[in-house]
Amino acid sequence: MVERPCGGFLELMFLCLGCRVSALRSNLILAGVKSVTLHDVGTVELWDLSSNFVFSENDVGKNRALASVAKLQELNNAVVVQSLTSELTKEQLADFQAVVFTDIGLEKAIEFNDYCHSHQPPIAFIKTEVRGLFGSVFCDFGPEFTVFDVDGEEAHTGIIASVSNDNPALVSCVDDERLEFQDGDLVVFSEVHGMKELNDGKPRKIKNARAYSFTLEEDTTNYGSYEKGGIVTQVKQQKVLNFKPLREALSDPGDFLLSDFAKFDRPPLLHLAFQALDKFISELGRFPVPGVEDDAQKLIAIATNMNDSSGDDKLDDINPKLLRQFAFGARAVLNPMAAMFGGIVGQEVVKACSGKFHPLYQFFYFDSVESLPSEPLDPDDFRPVNSRYDAQISVFGRKLQKKLEDSQVFVVGSGALGCEFLKNLALMGVACGKQGKLTITDDDVIEKSNLSRQFLFRDWNIGQAKSTVAASAAASINPSFNIEALQNRVSPETENVFHDTFWENLSVVINALDNVNARLYVDQRCLYFQKPLLESGTLGAKCNTQMVIPHLTENYGASRDPPEKQAPMCTVHSFPHNIDHCLTWARSEFDGLLEKTPAEVNTYLSNPSEYTNAMRNAGDAQARDNLERVLDCLDRDKCDTFEDCITWARLKFEDYFANRVKQLTFTFPEDAATSTGAPFWSAPKRFPRPLQFSTSDLSHLNFVMSAAILRSESFGIPIPDWVKNPRKVADAVDRVIVPDFQPKEGVKVVTDEKATSLSTASVDDADVINDLITKLERCRTNLTPTFRMKPIQFEKDDDTNYHMDVIAGLANMRARNYSIPEVDKLKAKFIAGRIIPAIATSTAMATGLVCLELYKVLDGGHKVEDYRNTFANLALPLFSMAEPVPPKVIKHQETSWTVWDRWTLGNNPTLRELIQWLKDKGLKAYSISCGNCLLFNSMFPRHKERMDRTIADLGREVAKLEIPLYRHHLDVVVACEDEEDNDVDIPLVSIYFR
């Protein structure tokens with residue numbers, strides 16, 4: 001079956017009214033569909049500005065579709081963005097693969113859905129609504145929809161250790177990595193020696209899947225005996241889904257997709273509520289008015305009547321309080337909800353047109369009523385004030401809106417998440433009041449690859465500072481946005497910028513970072529200053545959010561993921577068995593040849609005598625290797641022209657992919673055995689074969705050319721124009737004289753998986769080092785005094801710099817040595833750069849969820865059970881929400897504290913006063929330290945002489961602290977005992993001296 005095309009061939013129609021799909025439209029345009037058509041017959045209202053980033057006050061009164069086209073087109077010029085402003089007919093849908101309705105009555109929706117469901121081929125139909133803090137999605141992709149890839153994950157593999165001649169056969173795999181197979185999976189075998197019958201490419205079903213074994217539903221009794229080798233690979237299975245049309249699904253919805261197990265009974269109620277709202281609108285011609293009790297009771301009555309007539313599906317409790325909240329906010333489209341549902345529905349559209357990932361089947365309902373203010377509001381507080389925030393006011397009231405506008409917010413990072421956050425915050429009115437301010441910082445600049453997911457950036461911004469461009473773009477969304485952009489990395493080195501006063505004045509911190517170390521640092525600062533931290537991250541179609549709330553939840557650093565498993569060094573360098581090993585080796589060689597070695601050369605040239613003395617003193621194999629690499633660079637006979645660089649690259653090819661393999665297989669022949677008599681080349685080891693260089697092999701030629709270009713760049717050698725001519729490059733390569741290679745006896749190859757170094761010591765290392773230093777000094781005399789090399793740092797995002805050409809070439813030639821499947825440059829880039837592509841849909845969802853939590857944080861007074869941490873995988877789809885984990889509580893007598901507590905003592909106290917202050921708490925201080933220095937220990941008699949000195953003076957004098965002017969305190973760590981001499985871990989103590 002041919003997969004329906006996506007990307008440049010997707011014809012997508014978007015049917016939208018008002019502001020309800022701004023996030024959805026932008027997500028799909030960033031995804032690179034072929035065309036998006038917007039349909040709307042309504043005009044822009046001031047009300048729309050609180051949730052649609054493409055509208056400004058100048059657009060009020062214009063048709064909404066027409067007002068959207070130009071700004072949406074800026075997101076991606078490769079996507080055709082067009083509009084329809086006339087009444088829609090069913091026949092117009094026939095030109096499109098997918099349609100999305102965001103504001104349509106049920107009667108009309110059923111009519112359009114019937115047409116899409118029965119059309120040949122079926123037209124994917126999605127209906128979605130956002131009503132205040134409530135949202136819904138319905139999907140119908142036709143009577144028979146084929147999913148080609150259910151989860152989007154790479155097919156799992158295993159390396160075979162043995163296969164039994166049994167019925168059923170037992171397959172055991174090496175314990176290098178756990179198998180990820182499940183009972184019922186289909187697998188194929190390859191490279192099996194002995195039992196060659198398994199190599200026929202036929203998918204086979206497995207059962208009894210374990211961590212390192214499974215059984216095969218096949219009789220292998222009469223097959224050949226297993227000898228060695230073999231790879232088993234999971235076969236991704238298609239799945240056919242039979243969608244019901246909307247008219248059937250309304251009365252027979254099946255299983256609802258849950259998001260919050262604490263609300264397991266909520267979806268059926270919301271299924272009823274949305275139908276009751278549709279009936280309310282059809283009868284009265286309008287939405288319920290916020291704060292008007294009569295309208296809420298009218299909706300509740302409609303829902304009650306519908307429930308009473310639902311027969312066996314009648315709900316025991318229709319929750320009038322919830323329906324009242326639903327009624328009051330029904331007209332409003334809140335930006336965080338639109339962002340979240342835009343992410344979900346955007347991903348569903350891509351699924352509908354590509355068959356990749358499992359569709360939402362078929363209803364999804366969500367609410368975030370916990371985001372409402374913790375205190376009851378007067379109905380008058382919901383009334384509009386003729387501002388762009390009226391929709392938000394109609395849900396939360398004017399008091400919370402004022403808190404949003406006057407908040408002091410710190411956003412760390414201005415990438416994919418940061419851009420989405422700024423858009424959301426600007427639309428919500430955060431930091432848009434006279435007392436409000438938002439600070440955003442990011443030390444990075446915009447690259448071309450950012451444009452597909454960081455929607456505030458355009459082509460003409462490439463090379464500019466991310467934070468500055470993002471701040472400017474966000475301010476254009478809402479001119480009242482008080483935003484300051486900085487280009488500083490948040491770290492200990494910038495605490496003069498992000499000083500105590502800065503942190504103390506903040507209302508909340510929002511992380512938009514892409515690395516754990518930076519997150520941990522910000523987490524520690526938020527702990528220290530007791531500031532809420534809203535954390536989120538994305539990983540392809542997956543996203544997670546974590547709320548870090550002072551005194552209510554554990555901090556981000558309290559729980560850590562286990563470190564990634566690293567392949568042993570000997571595996572990477574001598575015995576690779578997958579492409580990841582080859583790419584890890586390639587990246588290591590790139591860094592060594594083009595960054596570390598030039599830097600080592602410059603270190604030597606800056607102070608030759610100091611460098612050579614250090615190498616002599618080390619006197620080990622690593623020092624020998626360093627000197628050999630430096631000498632290789634400084635021997636100008638080897639690298640003076642671009643032709644010399646060609647020679648160097650050609651000889652590197654021979655060294656890497658022929659000579660080293662010949663030496664390895666000479667040391668360990670194919671029939672070699674271990675000390676126990678077992679075959680040396682047994683799984684997971686793969687026996688390598690040397691490559692024969694050929695200029696007719698473009699992959700060989702491209703590697704030599706790319707490596708030569710980077711070598712010349714590091715030496716500052718001009719690159720001739722003829723390098724673009726493959727024939728001339730081939731001629732230059734053919735002129736290189738390649739010496740014959742003879743394997744050496746006694747060469748040691750590291751095979752110990754626990755080894756941390758590949759350098760092998762030699763008894764004559766000292767003599768070799770002295771000889772190398774002599775040669776180095778001789779080479780240095782031929783250099784100009786100002787000569788320095790240019791270290792080349794790996795940059796994955798520039799497709800013209802030849803970095804990935806070299807790394808992909810290194811990895812694929814090595815893979816060819818070991819008969820490992822090769823990868824293209826794009827996949828090599830993802831693995832070598834440790835990239836999991838960020839996609840706009842999961843980013844939009846994550847930021848929407850965080851901003852729903854932001855309402856709670858800025859309102860204040862919410863309990864821990866009101867907050868939600870979320871993990872979501874849009875590919876499955878899966879949504880898992882849970883209350884945050886509270887912090888661990890430590891108790892002593894009548895006092896208790898958590899990781900959030902920091903004890904403070906003012907008025908510039910003396911050491912005696914601090915000890916007495918602790919004694920009053922029932923604690924005996926026996927050791928007080930500041931930084932790495934001990935200010936007091938009860939065992940040292942001389943320390944008693946310090947009792948009447950101030951802590952601040954002791955910090956300056958004993959700990960040698962240089963306290964900057966912006967800091968008004970210092971911190972001390974106190975070790976205490978209780979009355980029974982038991983140690984008590986107390987919080988950090990801050991001593992204020994100003």
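The six-membered or imidazole ring of Phe879 lies away from that of Phe366, with a centre-to-centre distance of 6.0 Å or more.
The aromatic rings of Phe138 and Phe363 sit tilted, their planes meeting at an angle between 30° and 60°. The aromatic rings of Phe382 and Phe328 are tilted relative to each other, their planes meeting at an angle between 30° and 60°. Taking the six-membered ring for Trp and thresholds of 30 and 60 degrees, Phe455 and Phe53 have ring planes more than 60 degrees apart, a perpendicular arrangement. Between Phe243 and Phe145, the two ring planes are perpendicular [angle over 60°; tilted spans 30° to 60°]. Ring orientation note: the planes of Phe274 and Tyr365 are tilted relative to one another, at an angle of 30° to 60°.
At a cut-off of 3.5 Å, with distance as the only test, a side-chain donor of Gln392 or Tyr855 sits close to an acceptor on the other residue.
Judged as a salt bridge (Lys or Arg N to Asp or Glu O under 4.0 Å), and not counting sequence neighbours, the contacts of Asp406 are Lys402.
Contact detail for Ile123 and Ala94: the closest heavy-atom pair is CD1-CA, 4.0 Å.
Every pair passing salt bridge (charged side-chain N to carboxylate O under 4.0 Å, His left out) that includes a residue from residues 281-292 is listed here, sequence neighbours excluded: Lys279-Glu283, Glu283-Lys298, Arg286-Asp295.
Lys244 and Asp140 are not joined by a salt bridge, as no carboxylate oxygen comes within less than 4.0 angstrom of a charged side-chain nitrogen.
The backbone N or O of Ser374 lies less than 3.5 Å from a partner atom in the side chain of Asp859, making a donor-acceptor pair.
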